[in-house]
Structure formats: structure tokens, C-alpha cells
Amino acid sequence: MSSAAVVMMVFMLVVYFGGFIYFALKRPPEERE
Amino acid sequence: MGQEKGSQWGSRVGFILASLGMAFGAGNIWRFPRVVAANGGGAFLIAFIIANLVWAVPLLMIEMYMGKTTRLGTNGAFRNLAGKKSTWMGVWTGLCAVFIMFYYSVVTGWAIRYLVYGMSGVVKRGVDSDALWKGFISSHFQTVFFHFIAIAVAVVIIYFGVHKGLELANKIIVPSIVVILLIVMVWALTKPGAIQGLEYLFNPNLKALLKAKVWLNAFTQAAWAVGAGWGLMLTYSVYMSKKEDIATNAFIIAFADSGSSLLAGMAVLPLVFAVSPSVQAATDALAAGNTGLTFIYLTKFFPTLPAGTLVAGLFFLALAISALASLLSMVELAVRNLGDAGINRKKAAILTGVISFIFGIPSAYFASFLDNQDMVWGVGLLISGVLFAIVVYKNGIEKTRAIINKESWTHVGAWFNWCVIAIPFLFVIIFGWWIWQAVTWYPGTWWNPLKTMSPATMVVQWLIVGGLILLANNWFAKVIKEPVSPGGENTPETKEVQS
């Protein structure tokens with residue numbers, strides 16, 4: 001597997017699963033306060 | 001009473017898992033990896049996530065807003081938010097999903113059949129997978145029987161209600177799909193040649209982003225894969241608790257569905273390359289269509305590798321339960337609308353099952369009829385997406401965004417307004433492209449409504465169904481009762497917007 005494909009894989013995993021984790025960890029405003 | 005008392009998701013996780021079960025269907029497993037491979041790999045993945053954010057996320061938010069605000073299924077939600085004269089728009093949206101349910105139950109039956117093949121040792125070294133598939137698909141008894149099994153299982157789950165049926169089933173199904181796909185992915189990646197599948201998936205050729213075809217396929221996949229604009233999310237949102245969020249959940253569902261699709265791609269593409277005897281055989285498999293890839297190529301090559309028979313069983317299990325979870329949401333949509341008309345859940349579930357079984361039989365008998373219905377109502381769903389946007393125009397885009405923000409933990413910016421404005425234009429582009437393709441593929445028959453895959457058959461069926469529901473608009477508007485919210489409280493906000 002080429003290093004460019006590895007970079008693309010890491011980037012895509014971060015975008016797809018990072019987006020999910022970011023929103024999944026969000027809490028209601030009152031809980032954050 | 002529109003809605004049975006106490007009908008509500010038991011937890012936020014339960015709601016999200018059920019929504020993900022709705023979104024993640026067989027198409028995510030057998031279509032997404034093929035579409036990625038055919039559209040530039042990494043470039044398509046970038047276009048796909050953008051398409052999700054522009055088309056799917058705003059539509060998920062609109063559906064959640066409509067379901068949560070009105071506490072009614074598609075027919076009632078459109079009636080209360082767009083006005084009685086626009087009830088037909090909700091009926092169209094619901095009917096598109098119901099027509100899809102008729103043949104989707106047949107497809108779920110195919111997956112169940114192959115699960116049985118996988119578990120009973122039929123998928124073994126030397127199996128003539130082509131003859132196996134042709135033997136099954138031409139056996140009307142078998143296709144109808146497994147269609148019956150699929151719809152019967154769905155009806156039994158829906159019969160037990162939102163909390164004890166739908167939520168419980170999805171709490172088992174969705175994590176199981178993820179675990180199975182992870183097992184298949186790890187198994188495939190340990191095999192020689194599998195890494196070429198990842199190379200295909202993450203091909204870093206970003207020049208492909210300049211091709212219109214890549215973007216059109218990305219938007220088409222986003223429109224069909226996430227299930228936004230089908231009325232299914234609206235239906236599930238009827239059972240949200242009052243304090244539940246809209247925007248954050250819409251993002252979670254879109255990202256989780258996209259992530260699961262990526263996981264399916266990381267399992268299926270290495271799998272295809274691992275089990276294929278040559279790179280040419282792998283590319284032929286990817287070009288063989290959904291059923292060709294799954295039921296002929298993978299079935300043939302799975303058993304040639306160590307533990308392949310076992311992994312084949314797991315793969316078909318993932319396919320069958322992901323199709324079942326999506327089928328559940330379609331049955332629930334029908335049951336919700338019948339419930340809004342005063343029919344209790346248990347009767348509505350049985351009625352939906354009987355009707356779905358009967359109207360699914362033509363698709364079980366004739367694969368060409370199934371293909372026809374898949375095209376007619378699959379494309380019809382794009383119109384449903386536009387109808388959701390029209391509801392927002394009628395109520396005011398800014399006002400709708402303000403309501404969504406009031407009900408959300410994540411602030412929705414002005415980008416939402418632009419996405420909603422873009423939806424009809426995107427429809428025109430995607431639909432126009434699709435028509436152009438159909439004319440190119442069938443230059444001599446595209447105008448003939450009696451041909452299976454002609455644009456004319458699609459338009460004629462739309463006109464017949466659209467005309468009938470327009471004529472019956474007032475009856476549909478009248479037959480829907482006012483809702484009672486999950487806690488049994490009245491929801492006055494739904495009454496004040498009626499016109």
C-alpha cells in the first residue's frame with residue numbers, strides 16, 4: 001500500500017469517525033455549565 | 001387518539017441505535033464499496049462526506065423537527081406543518097417508503113436465504129454459486145417463502161411496540177453489525193492480496209474530484225444510504241422525549257452511518273481482493289452489481305480460504321440483520337400512519353404485514369418487477385426530499401432554524417438555510433443526470449412506459465399514484481387524529497399551525 005494511500009486512510013478515518021465521536025461526546029448546555 | 005400512551009424511546013442511545021439501524025441497510029454493505037471503487041476511492045470518500053453534510057444532515061434535522069413537533073407520522077406531520085391542502089405531500093413521502101418496503105422485504109428474504117445457506121454448510125469449497133443463485137431466484141416458492149419470513153419477523157418486532165420491540169431489536173442488531181464487519185475486515189486483511197482492496201478504497205487520486213460523475217454518485221449515495229428525506233427519521237422522532245436534541249443527533253446519525261459505510265468498505269473491498277484468484281477476477285466481481293458481487297462471487301470464493309465458510313455465515317448474517325433493521329423502520333412508518341388514523345398498533349402491524357406480503361409477491365416472483373420498483377420509488381424518494389424542503393419554505397427557513405436551535409445542543413448556523421435552498425436544485429441536477437443516463441443506456445426504449453427500466457415507466461407510475469393521492473387529499477387530511485405526546489400531554493403547538 002502506497003504511503004499516499006495510508007495518509008488518505010488516516011485522514012478519512014479521522015474525518016468519518018472523528019466527526020461521530022465529536023458529536024457523540026456533546027452534552028446539553030446545562031450539563032456543560 | 002393518534003399515538004398510544006407511553007410510546008417513547010427508553011434512552012437516547014436506544015433512539016440513536018434505532019436511527020442508525022434505519023439508515024444502515026443492505027445498500028451500505030453491497031453498494032457503497034462498489035460505488036467507492038468505481039468513483040476514484042479517496043476522492044469519492046471526500047465528496048460523499050460533503051454530500052452527507054449538504055443533503056442528508058439538513059434533511060435529518062427537518063424530519064426530526066417535524067416528527068418531534070407534530071408527534072404524527074408522515075401524513076399528519078405534513079398536514080399540520082404545511083397545511084391541510086398539502087397533506088398529499090406526506091402521503092407521497094409515506095407511500096414511496098411503503099412501495100420500497102414491498103420489495104425490500106423480498107431483498108431481506110434473499111439475505112436470510114443466504115444466511116441459511118451459510119449456516120447450513122451449503123457455501124463450501126467447489127460450490128457452483130451461479131447455479132445456486134439462479135436456482136434460488138427462479139424458485140418462486142423459496143423467494144415468496146423467505147419474503148414471508150422477512151416481513152413476519154419485522155411485524156413481530158413492531159407488534160411489541162417502540163420500546164420493547166423496535167428499540168430492543170436495534171440494540172442487539174446495530175452493535176452486532178459493527179462487530180461482524182470488524183471481524184470480517186480483520187480476517188480479510190490477514191489474507192494475501194487484501195491490501196489491494198484498501199489501496200482501491202483509499203486511492204489518493206484527488207483529480208477525480210474534478211469529475212462531475214464522482215459528485216453525482218456521491219450525492220445519490222448520500223440521498224439513498226442515510227435514509228434522509230424518506231419519512232423514516234420523522235417517524236422515529238415521533239417517539240423522542242421532549243428534552244431530546246435535534247441537531248447533534250442528526251450529525252451523530254449521519255457520521256455514524258458514513259463511518260459504518262466506510263467500515264463496510266474496509267471489510268468488503270479487501271475481502272473481494274482476498275478471495276478472488278486474480279486482480280482481474282476482483283475487478284470483475286466489483287462490476288457485477290450488488291447481487292452478482294454478493295451472492296455469486298463472494299459465495300464462490302469465500303470457502304476457498306481458511307475459515308471462509310464461517311466468515312461467509314457471519315457476512316450473510318450482517319447483511320440479513322442490516323436489511324431487517326431498515327425494513328423495521330419502513331414497517332413502523334406504515335404502522336405510525338395507521339395509528340394516526342385510529343388503528344391500534346397491534347392491528348396496524350398485522351395489517352401492514354399482510355399488505356406488504358401480498359404486494360411484495362410480484363417482486364418475489366419477477367426480478368424485473370423488483371428492479372422496476374427499485375428505480376421508480378428509489379428516484380421518487382428524491383422528490384420526497386424536495387417536499388420536506390417545501391415544508392420549511394412554507395414555515396420560513398429562518399423560523400425553522402430557530403426552532404431547531406431551540407431544541408438542539410449544537411448551534412445550527414446559516415449554512416442550514418443555504419442547504420435547504422439548494423435541495424431542489426440538487427434534485428434537478430441529480431434527476432436530470434439520471435434521466436440523461438437512462439436515455440443513453442436505453443436509446444430506443446426510454447420513452448416506452450411498458451419497458452422495465454425506462455424513465456417513462458417511472459413518470460407514468462408517479463403520475464398515477466400522485467393523481468390518486470391528490471384526489472384523496474381531503475380524505476387523508478380528515479382521517480388523521482390529533483396526537484397525544486409520549487408522556488400523554490397535549491401538544492398545542494401542532495394545532496396552531498394548521499391552516
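Any value given below was found using the heavy atoms of this structure, including those in side chains, with hydrogens, waters and symmetry copies removed. So that the names make sense, note that chain A is the first sequence line, chain B the second, and so on, each numbered from 1.
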Can you tell me how far OH of A/Tyr16 sits from OG of B/Ser260, rounded to the nearest 0.5 angstrom? 11.5 Å
A/Val6 portion near chain B, given a 4.5 angstrom heavy-atom threshold: neither
Could you give the distance from CZ (A/Phe17) to CZ (B/Phe255), rounded to the nearest 0.5 Å? 11.5 Å
Surrounding NZ of B/Lys211 (heavy atoms of other residues, nucleotides or ligands, distance under 6.0 Å), is the total greater than 12? no
Rounded to the nearest 0.5 Å, what separates atom CZ in A/Phe20 from atom CG in B/Asp257? 11.5 Å
Between atom CE of A/Met1 and atom CD of B/Gln196, what is the distance when rounded to the nearest 0.5 Å? 11.5 Å
Using side-chain heavy atoms (C-beta onward) and a distance below 4.5 Å, is A/Leu13 in contact with B/Met266? yes
Has B/Glu199 got a side-chain atom pairing as donor or acceptor with A/Ala5's backbone, closer than 3.5 angstrom? no
In Å, rounded to the nearest 0.5 Å, how long is the span from CG of A/Leu25 to OG1 of B/Thr248? 11.5 Å
Among B/Ile16, B/Asn52, B/Ile252, residue most engaged with chain A (heavy-atom pairs, under 4.5 Å): B/Ile252
Within this structure, what is the OG1-OH distance for the pair B/Thr410 and A/Tyr22, rounded to the nearest 0.5 Å? 6.5 Å
Give me the atom names and distance for the closest heavy-atom approach of B/Phe202 to A/Met12. CE2-CB, 3.9 Å
Is it the case that more than 12 heavy atoms not belonging to B/Trp415 sit under 6.0 Å from its CH2 atom? yes
Tell me which one of B/Asn203, B/Leu198, B/Asn205, B/Leu206 satisfies side-chain contact (heavy atoms from CB on, under 4.5 Å) with A/Met8. B/Leu206
